[in-house]
Visitor: 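The structure that follows is given in the form of structure tokens.
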Amino acid sequence: MFPNRTAHGRFPSVHPLVIALAALLPLTAAAQDAPAAKDPVALDTLQVTAQRRVENAKDVPVSISAIQGEKLDVLGSAGDDIRFLSARVPSLNIESSYGRAFPRFYIRGLGNTDFDLNASQPVSLVYDDVVQESPLLKGFPLFDLAGVEVLRGPQGTLFGRNTPAGVVKFDSARPSQDADGYIKVAYGSYNTWNTQGAYGGPLTDRWSARVSALYQRRDDWVTNTRQNAPAQGFEGYDEAAARVQFLYEGDDVEALFNLHKRKLNGTARLFRANIIKPGTNQLVENFDRDDVSTDGENFSDLETWGGSARLQWNLGRVTLHSITGYETAESLNHGDIDGGYGAAFLGAGNYGPGFIPFPSESADGLPHHRQWTQEFRVESNEWGRFDWQAGVFYFDEDVTIDSFNYDSLTPGNPQTGHAVQTQRNKAWAAFASGDVDVTERFKLRGGVRYTQDKKDFSASVLQAVQGGTPVSGPYIARSDVDDVSWDLSGVYQITDNLNAYARVAKGFRAPSIQGRLAFGGVSQADSEKVISYEAGIKADLFDRRARLGFNVFRYNVDGQQLIAVGGSNNTATLLNADRTIGQGAELDFEAYLTDHVLLTLGSSYNDTEIKDRDLAVAICGGGCTITDPTTVINGGTYALVNGNPLPQAPKWIHNLTLRAGFPITDASELYVYTDWAYRSEVNFFLYESPEFRSRSSLEGGLRLGYNWDYGQYDVAVYGRNLTDQVRVVGAIDFNNLTGFLNEPRTFGVEFTAKF
């Protein structure tokens, strides 16, 4: 049981990022006048593990972005969840209709808007070498990390499973024989606390340990104007997480053990009825984000924990790796989906959410979940011109999902329906990859992976709705498929500081099954397969004062899995599109403009298109304007979505950070750090409608700080979403023009001590 919940809780003509950069030029000039460092300033070599080995990012033929150190700390300073990474690297978008509990990832436009608790995503999230398959595992808080890597394009020959779009990879700071740690305390708007800390060091000359912990909380800042409703405040949360690691380092053996836990207690996604102005994507007049009027329950409870054992044995010419992982989750998320109260229009002078055709209040729970993974991998130890690695991978997940419906118009808010889904998913794979130095300057890499994936699924109605409808089910579905994925790439060293690469890769995602019996019954989507092509350059410039990565890409998806959500019948149906294409370009740039001014810039262009002349989906049931051609099927109106972009796939993403330091002494400095992220418009659904197409977004942050004792201590004030931009970032379309919003503007102060 969960404890009591707390209730406190196209491109612009003058781009906004250019304006932001121009505004900061006086700061860079001032920093230029500061005394120069004695040694030439240069960027550290960017080490990544994109190919399961530690390598210079410049030598890896994959489009990679990495976020490390101060940049990662600044972006997460306000206590936001993992969604703060959205648009912070090229081609990455993250959104959620569950709030902090269920992030959905999109890379190069490929993702999955499915809200079911067994939904698979084409973007794989790997935390400390263990794949996190359940969407409820993917939101584990980010703290005490060595870094984040975003790998774009299919990565299936080396990572986990279901990676046709790419991988988001997190690596925790490891224990070591050098004792160190930190503590960070931040306080901000809405009585927000963001505290975290870690300490690690030797236990013996062979054993070391590291303990890390995080606690975040925020008061409810949205007031419910509906009197005597079950919930009177929203958008607050309490969240805690911890991790403990033990590392053994022998002569030829290394063992790293990890235990981690998360507990979230807060409010679910807050749906707001009739907030979109008909015929536009603007908010209605006199909209106030601080107030809602709703009659339903609202809470989100989530508990996860897990552990892993990462072992390696140096056997001379080869090293053997074993990675064992176990994860489990339990959750209940309850929201008022209709976004308001009542089923009648409130006349002028009466505050309310407007017309709501019918009430809809539901909850989704995960009473049982467990995931086992096991990988054995052998890699060569510097065999000269040829190196390789090969292994086997096993995945076993067992999950039970509860879905509840409630009647918020009847006193006592009675339960009116209960359905249950169970799914057992087993998969195994064998993989191998290698690279050969064809010449001193040209290297070829290739990999292959065989995957077998099996799902056994059942769904039943356990409790009839009021009126005597009998219990039904079970409804059974199964899938059993196999596939061969592969990749081939080459890297050519044009000069000592400039590499060019090209890569072609095939990715695969196993079939999906969904059984939301209250939303259209059981549906199934077949496997999807991706062929991706990319080519680019990576360079160190100006004596390593700058680093550049640029690439172009194109991919084709056969049988892409999509979810048709909503419509007048409030359905949720899995389907496959004949083909989807995507193409674009990505840029990563980092440079010291002066010895004390560091600039990072990321940019991406993604053009996606659904290619299926017969693909039709139900249109909205809440008064939106459909701009697609329509057809009538069995008396219902459907939109033909051929030629539409993928949902939640922004055409443009740009991001910028600029840090200017002003040394006071050799051991102290004042600094200013600003960051900005731009995302162009996105569709929420498969069909096109102006109401359900999000406006472009530009969010910025600013941090003013002072650090001393060679960076051991830091105090700063910060602001997030400085312009207080309000954007609808997702919607519900079956009932009315209901949407949910981005995070509000916040300010705060933060202190960090390292030891």
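Quick note: residue numbers are just sequence positions, from 1.
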Visitor: Do Asn118 and Glu133 have side chains that get closer than 4.5 Å, going by heavy atoms?
Guide: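 No; the side chains remain at least 4.5 Å from each other.
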
Visitor: Ring-plane angle category for Trp207 and Phe257, please: parallel below 30°, perpendicular beyond 60°, tilted otherwise.
Guide: parallel

Visitor: For Tyr106, is the NZ or CZ atom of Arg104 found under 6.0 angstrom from the centre of its six-membered ring and inside 45 degrees of the ring axis?
Guide: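 Output no; distance or angle outside limits.
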
Visitor: Is the shortest distance from a Lys or Arg side-chain nitrogen in Glu249 or Arg174 to a carboxylate oxygen in the other one below 4.0 Å?
Guide: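 No, this pair does not count.
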
Visitor: How about Lys426 and Gln452: do any of their side-chain heavy atoms sit closer than 4.5 Å?
Guide: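 With C-beta onward as the side chain, the pair stays apart.
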
Visitor: For the residue pair Phe140 and Tyr127, categorise the inter-ring angle as parallel (less than 30°), tilted (30 to 60°) or perpendicular (more than 60°).
Guide: perpendicular

Visitor: Give a yes or no on whether a salt bridge exists between Asp73 and Lys184, defined as a side-chain N under 4.0 angstrom from a carboxylate O.
Guide: yes

Visitor: Determine, stepwise, if the pair Phe553 / Arg503 fulfils side-chain contact (heavy atoms from CB on, under 4.5 Å).
Guide: CA-CA 9 Å; Phe553 65 87; Arg503 180 175 189 258; over 6 Å; no

Visitor: Using 4.0 Å as the upper bound for N to carboxylate O, is an ion pair formed by Asp482 and Lys454?
Guide: no

Visitor: Which atom names give the shortest non-hydrogen contact between Lys455 and Pro511, and what distance separates them?
Guide: NZ-O, 2.6 Å

Visitor: Is it true that Lys71 and Glu590 have a side-chain N and a carboxylate O under 4.0 angstrom from each other?
Guide: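 Salt bridge between Lys71 and Glu590, a charged N being under 4.0 Å from a carboxylate O: no.
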
Visitor: Within the 4.5 Å heavy-atom criterion, are Val484 and Phe508 side-chain neighbours or not?
Guide: no

Visitor: Charged N to carboxylate O under 4.0 angstrom, Arg100 versus Asp80?
Guide: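 Answer for the salt bridge query: no.
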
